[in-house]
Structures are given as structure tokens and as C-alpha cells.
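To keep things clear, I will list the structure first and then write my remarks on it.
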Amino acid sequence: MNPKSFVNQSGAFAQQQDHAGTFKELEATELYCPRCRRAVPLRKRLLLVLPEGDKYEYLCAFCSESVGTKIDRQQKPVSIIV
């Protein structure tokens, strides 16, 4: 990242305006576990394969408590051949 891109003509720092599409999807690395009572590392488990995307469950790495879910939306439709 170029630091000069954040400085405007008066020398003050400015934010860039081309942030559209920067984050399409985020991946959790730690979430709060109610059983352990702290933020913990996660394991990601495929729960369901749905037409709108794959549903994943986040599990606590220590006690295997479910701490959240996520639907990973696919960009292109899936064709099912029977």
C-alpha cells in the first residue's frame, strides 16, 4: 500500500474512496464460546449443502460447543445431474 495515496494536496491524511468490493467474504478465526467463557480458536464443519450455498458450523476447538454458523454463498449456480 502506498502511503502517499492517503495524503491530499494540503498534506492532511485522507481516506481512499475505492473500497467497493474489497471484502467479499470474511472468515472467522476466533469467536466467543459461552462454555469456555472466552474467545477461542475454531473448527469449521460442513453442516448442509443448500441450493443457496454451503452451510458451515463453527465449533470451539477446546470443548466442541457450537459457537456460530455461516452460509458460503456460491457465485455461479450449481447444476445437478441425475
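Please read all numbers here as calculations on a predicted model, not as lab measurements.
- Considering CG of D54 and CZ of R73, their distance stands at 11.0 Å, rounded to 0.5 Å.
- Scored by the side chain to side chain donor-acceptor pair (under 3.5 Å) test, S66 finds E57 as partners (sequence neighbours excluded).
- By the 4.5 Å heavy-atom criterion applied to side chains, C60 and R43 are not counted as neighbours.
- Seen from the ring of Y56, K44 counts as a face-on cation partner, given the 6.0 Å and 45° thresholds.
- Residues Y32 and V67 fail the side-chain proximity criterion, which asks for heavy atoms closer than 4.5 Å.
- One finds the OG1 atom of T69 at 10.0 Å from the CG atom of L48 (value rounded to the nearest 0.5 Å).
- Note that the CG atom of L42 and the OG1 atom of T29 stand 7.0 Å from one another [nearest 0.5 Å].
- For K55, the NZ atom sits in a loose shell: 12 or fewer heavy atoms of surrounding residues, nucleotides or ligands are nearer than 6.0 Å.
- Y58 and E30 share no donor-acceptor pair across their side chains, judged by distance under 3.5 Å alone.
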